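Below: the structure, in structure tokens.
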Amino acid sequence: IPKTLKFAPRYHFIIFGASGFTGRFVLEEVARCAGEAREELRWAAAGRSRARLETALTQAAEALGKPELKTEVDIIVADVDDPESLAEMCKQAVIVLNCVGPYRFYGEPVVKACVENGAHCIDISGEPQFLESMQLNYDSQAAEKGVYVVGSCGFDSIPADMGVLYTRDQFKGTLTAVESFLTASMGPEGGCIHDGTWQSAVYGLADSDKLRSLRKKFSHKPLPVVGTRIKRRCALFYSDEIQQYAVPFMGADPSVVKRTQRFLSEEHQESPVQYGAYAGVGGVSSVMKLLFAGLMFFLLVKFSFGRKLLIKFPEFFSFGFFSKEGPTRKQMEGSSFRFAFYGEGYTEGQDPSQGKPNAKIRTLVQGPEAGYVATPIAMVQAAITILNEPDSLGGVYTPGAAFAKTTLIDRLNKHGIQFSVL
């Protein structure tokens, strides 16, 4: 724990938003992993409504067969609209696990309260505008306080960001470029994603101009290109790698990976890796649905009235892929994800400035259902890593920047998110 904390916080972890859809699964994962910290893990559930938090703890107790959760886990009432309640919460925590989204609306007050009151903060945001604005506005203050603020610690974007670093570390030589291909599988029950993610996408796309102007404020120099420049693929193409049609991945992964590579290049003089991210969409019928849904989405998202329609009817406009209810536990049990990474570079002794890359590598990151099984695993293991492997440095980081030199990948391997070389 950073030396700047002049008191012993009452709790190692506070899960903020523990009664929300994703927060409930994070709560269960913390309860499962409570024995993995170096000392007995003290944790609490926080949110706006005591009654809803009590219900969440009761449901977790039943799901895990741990009746003691109903009586042994403390409840903290805190609200993003009440800065004093957030400050009081953060004073009691070593790490706040923030599950309250969309983060563009509710994230900054939590980051501000954590930094001002000496608590580390991790979130599961997939919203580049929020993530990058937190870096711009709070990095120097967090560094002064010795506080870690680590965004995108869920499925967005730990598998991609740590997957690129894993591929680099397994490559014997200088890795110069990586492409990732994401595929998701569902069982007989099907599957869907809770509409909180849909809302983030709607508002994120509507605000894309603001993201561009935000990035100009960093005054970044272009990252040096080592080796052959990576080729950008079409908006829709047939991928020989995954034997199905694919599209550029629309989530936060490319933004997060690039920020990690910039950090490692500028702060540690490591050779930056170029990155392209793609997602499999399936066969021709899936492509037709995607084209129709994508056209509707892009037309409607530009207008206030259209955004209201998209938010009100997520199932209709996404062909059932997003829903207000979210997936059932049975649907989650039958779902999984695979990230295939295809890397190229130069073997040891070869000069990357001379000629084309002469070596390739394939790695895989795979795991359970992405949104509500893998995300809580990733978030909780990130929190345990910060707790068990403290560092006096602070700042606003990506997962790769924060965890490159830690045991996070080993921890994830033990909890069902598997990293391997093919």
Side-chain angles (χ1 to χ4, degrees), residues 2 111 115 120-123 125-153 156-171 173-180 211-230 232 252-277 341 343-346 348 351-353 357 382 385-386 389-406 408-409:
V111 171
V115 171
H120 303 308
C121 180
I122 66 173
D123 66 50
S125 171
E127 303 164 52
Q129 188 181 335
F130 166 75
L131 295 164
E132 294 178 40
S133 64
M134 292 306 97
Q135 182 182 350
L136 186 70
N137 296 334
Y138 293 96
D139 183 55
S140 57
Q141 196 181 344
E144 281 171 28
K145 294 262 193 166
V147 165
Y148 271 107
V149 177
V150 190
S152 54
C153 285
D156 282 344
S157 292
I158 278 182
D161 204 15
M162 300 307 293
V164 170
L165 295 185
Y166 175 81
T167 306
R168 182 202 67 181
D169 292 345
Q170 299 301 314
F171 188 78
T174 303
L175 185 72
T176 57
V178 174
E179 289 184 317
S180 68
L211 178 58
R212 280 191 284 274
S213 63
L214 168 71
R215 285 175 173 163
K216 287 177 184 170
K217 293 178 184 174
F218 283 97
S219 304
H220 286 317
K221 293 176 186 170
L223 267 180
V225 173
V226 181
T228 306
R229 186 177 289 276
I230 196 168
R232 296 294 165 200
D253 292 351
S255 146
V256 172
V257 169
K258 189 168 186 178
R259 287 169 58 216
T260 293
Q261 294 304 315
R262 179 176 296 283
F263 173 82
L264 295 174
S265 171
E266 293 178 355
E267 300 298 323
H268 297 285
Q269 290 69 56
E270 294 180 12
S271 179
V273 179
Q274 301 171 76
Y275 179 59
F341 293 86
E344 65 176 24
Y346 297 80
E348 288 167 349
D351 184 352
S353 65
T385 302
I386 292 173
E389 302 170 42
D391 193 315
S392 59
L393 298 174
V396 179
Y397 293 107
T398 58
F403 301 120
K405 305 283 194 277
T406 69
L408 178 60
I409 287 175

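These numbers were taken from a predicted model, which means no experiment stands behind them.
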| request: Test Tyr275 against Val164 for side chain to side chain contact (heavy atoms under 4.5 Å, CB included), laying out the working first. | output: CA-CA 8 Å; Tyr275 179 59; Val164 170; 3.8 Å; yes
Rounded at 0.5 Å granularity, tell me how far [atom1] in [X] sits from [atom2] in [Y].
{"X": "Arg262", "Y": "Arg259", "atom1": "CZ", "atom2": "CZ", "value": "11.0 Å"}
{"X": "Met134", "Y": "Gln129", "atom1": "CE", "atom2": "CD", "value": "9.5 Å"}
{"X": "Asp161", "Y": "Gln261", "atom1": "CG", "atom2": "CD", "value": "7.5 Å"}
{"X": "Tyr138", "Y": "Glu144", "atom1": "OH", "atom2": "CD", "value": "13.5 Å"}
{"X": "Thr398", "Y": "Lys258", "atom1": "OG1", "atom2": "NZ", "value": "14.0 Å"}

| side chain to side chain contact (heavy atoms under 4.5 Å, CB included) assessment of Val396 paired with Val115 | CA-CA 10 Å; Val396 179; Val115 171; over 6 Å; no
| query | Would a distance-only check, ignoring hydrogens and angles, find a side-chain to backbone donor-acceptor pair under 3.5 Å from Ser157 to Gly126? | reply | no
| task | Using modelled atom types only, decide if a donor and an acceptor are shared between the side chain of Gln274 and the backbone of Ile230 within a distance under 3.5 Å. | result | yes
Closest heavy-atom contact between [X] and [Y]?
{"X": "Cys153", "Y": "Ile122", "answer": "SG-CB, 4.3 Å"}
{"X": "Pro159", "Y": "Phe341", "answer": "O-CZ, 3.6 Å"}
{"X": "Val226", "Y": "Pro272", "answer": "CG2-CD, 4.1 Å"}
{"X": "Phe130", "Y": "Ser125", "answer": "CD2-OG, 3.7 Å"}
{"X": "Glu344", "Y": "Pro357", "answer": "OE2-CG, 3.5 Å"}
{"X": "Asp139", "Y": "Gln135", "answer": "CB-O, 3.1 Å"}

| query | So, Glu270 and Lys405, do they make that salt bridge, N to O below 4.0 Å? | reply | yes
Tell me, do [X] and [Y] make a side-chain contact under 4.5 Å, heavy atoms counted?
{"X": "Pro128", "Y": "Arg215", "answer": "yes"}
{"X": "Leu264", "Y": "Leu165", "answer": "yes"}
{"X": "Leu408", "Y": "Ile158", "answer": "yes"}
{"X": "Leu136", "Y": "Glu132", "answer": "no"}
{"X": "Leu131", "Y": "Asp123", "answer": "yes"}

| query | Hey, mind stepping through Asp253 and Asp156 against side chain to side chain contact (heavy atoms under 4.5 Å, CB included) and telling me if it holds? | reply | CA-CA 6 Å; Asp253 292 351; Asp156 282 344; 3.7 Å; yes
| message | Other residues, nucleotides and ligands only: do more than 12 of their heavy atoms fall within 6.0 Å of NZ on Lys221? | response | no
| The single option from Val273, Thr260, Leu223 passing side-chain contact (heavy atoms from CB on, under 4.5 Å) against Ser265 | Leu223
| Going by the angle between their ring planes, with limits at 30° and 60°, are His268 and Phe263 parallel, tilted or perpendicular? | perpendicular
